[in-house]
Structures are given as structure tokens and as C-alpha cells.
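Since the structure comes first, as C-alpha cells, the remarks are kept for the end.
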Amino acid sequence: MAEQMDSTYPAVKAFLDRHIIQQMAESGGSFGPLETCWGLSWFTNDWITKDMARALLRDLTDRGFCYFSRGLFNEDGQVAGAGYGLTKKGLEYYDQLCPDI
């Protein structure tokens, strides 16, 4: 199915990639975009469900643009689950997807 989406809907694929990667690149917090990880809820909204976000992030991880990390910490310093971070390759992809920013 991923192959079908890649070949049939390239504009949709690029839009969804941009949404996820732009969230990471522009919301790096005090650690920066390559040293911060986000849980799935960070990427959900009215049109992207948790399951969709998970599938998009797994695809980006498979392509080397993101990485999965366990043992993330919440604001109180307690271990609070897992999430995804942006790789250097993902930041370069962001520059290609968002040349005007």
C-alpha cells in the first residue's frame, strides 16, 4: 500500500511528510530539532489521527528521516513513554520540502 501511495499520490505524500517534519524542525525547543523527541499526540490534529501519525512516522523512520526513541522524559523529569526525533537527513529533507522558510 505504501508503494501505491508513493506512486499514485506524490503531492499528498509530500504534504504529509512536510507536516510531520515541519512540526519537528520548527518546534525543537531549547534542545534543538535534532536533540528533541515528540510523542504521537504532538502530530495529531483534526485530520491526522494517532494511527495515521504512527504510520507516517514509521515510514519516515524507515526512510532515515526520523528515529524512534524509548524512555522520553516529561516536564517533571519522569520517564513518560516513547517518541520520534528528527535525523540530520530529515532536516535536509525539510530544507527541500520547505525551501521558502
Side-chain angles (χ1 to χ4, degrees):
M1 174 143 169
E3 290 177 25
Q4 182 182 14
M5 185 174 157
D6 286 346
S7 61
T8 308
Y9 303 105
V12 173
K13 181 75 172 144
F15 174 80
L16 293 171
D17 286 353
R18 178 178 173 155
H19 169 72
I20 297 292
I21 290 178
Q22 189 170 11
Q23 289 281 93
M24 295 173 143
E26 295 180 5
S27 305
S30 60
F31 297 115
L34 299 179
E35 289 80 27
T36 304
C37 291
W38 296 267
L40 289 175
S41 63
W42 184 259
F43 306 100
T44 61
N45 55 35
D46 291 341
W47 46 275
I48 294 184
T49 66
K50 188 175 181 180
D51 289 337
M52 288 174 64
R54 180 181 289 114
L56 292 166
L57 285 157
R58 284 182 180 170
D59 177 61
L60 289 166
T61 298
D62 290 346
R63 294 186 298 161
F65 299 133
C66 298
Y67 64 93
F68 181 75
S69 181
R70 290 187 171 95
L72 302 183
F73 293 92
N74 65 16
E75 293 175 357
D76 298 325
Q78 298 173 338
V79 178
Y84 291 84
L86 189 62
T87 64
K88 184 176 178 185
K89 182 178 174 182
L91 195 55
E92 291 168 359
Y93 185 46
Y94 165 74
D95 290 336
Q96 292 173 14
L97 292 171
C98 308
D100 54 335
I101 296 177

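A quick note: this is a predicted structure, and the numbers were derived from the prediction, not measured. No hydrogens, no waters, no symmetry mates; every other heavy atom, side chains included, goes into these values.
Listed for the Thr44 side chain is a donor-acceptor partner under 3.5 Å among the backbone atoms of Ser41.
Note on Ile20: it clusters hydrophobically with Leu91, by side-chain heavy-atom contacts below 4.5 Å among ILVMFWY residues. A single hydrophobic cluster is not seen to contain both Tyr67 and Leu60; linkage of ILVMFWY side chains at heavy-atom distances under 4.5 Å, directly or through other members, places them apart.
Among residues two or more places apart in sequence or in another chain, the side-chain contact (heavy atoms from CB on, under 4.5 Å) test is passed with Arg54 by Leu40, Lys50, Asp51, Arg58.
In this structure, the separation between CD on Glu92 and CD1 on Ile21 is 11.0 Å, given to the nearest 0.5 Å. Rounding to the nearest 0.5 angstrom, the gap separating the CG atom in Leu56 from the NE2 atom in His19 is 8.0 Å. The line from OH of Tyr94 to CG of Asp17 is 14.0 Å long, rounded to the nearest 0.5 Å. We find the CD1-CD distance between Ile48 and Gln23 to be 8.5 Å, quoted to the nearest 0.5 Å. Tyr84 contributes atom OH, which lies 9.0 Å from atom CE of Met24 (distance to the nearest 0.5 angstrom). Between atom CZ of residue Phe68 and atom OG1 of residue Thr61 there is a gap of 9.0 Å, rounded to the nearest 0.5 Å.
In terms of heavy-atom proximity, Ser69 sits nearest to Cys37 at CB-SG, 3.8 Å. Scanning all heavy atoms of the two residues, the minimum distance from Leu57 to Cys66 falls at CD2-SG, 4.3 Å. Nearest heavy atom pair, residue Ala14 against residue Leu97, reads O-CD2, 4.2 Å. Listed here is the closest heavy atom pair of Trp38 and Ser27: CZ2-O, 3.1 Å. Residues Arg63 and Lys89 come closest through the heavy atom pair O-NZ, 3.0 Å.
Here the side chains of Met52 and Trp47 are not in contact, with every heavy-atom distance at 4.5 Å or above.
The local environment of CG in Asp76 is crowded, with over 12 non-hydrogen atoms from other residues, nucleotides or ligands closer than 6.0 Å.
The aromatic rings of Phe65 and Tyr93 sit parallel to each other, their planes meeting at less than 30°, with 60° as the upper class boundary.
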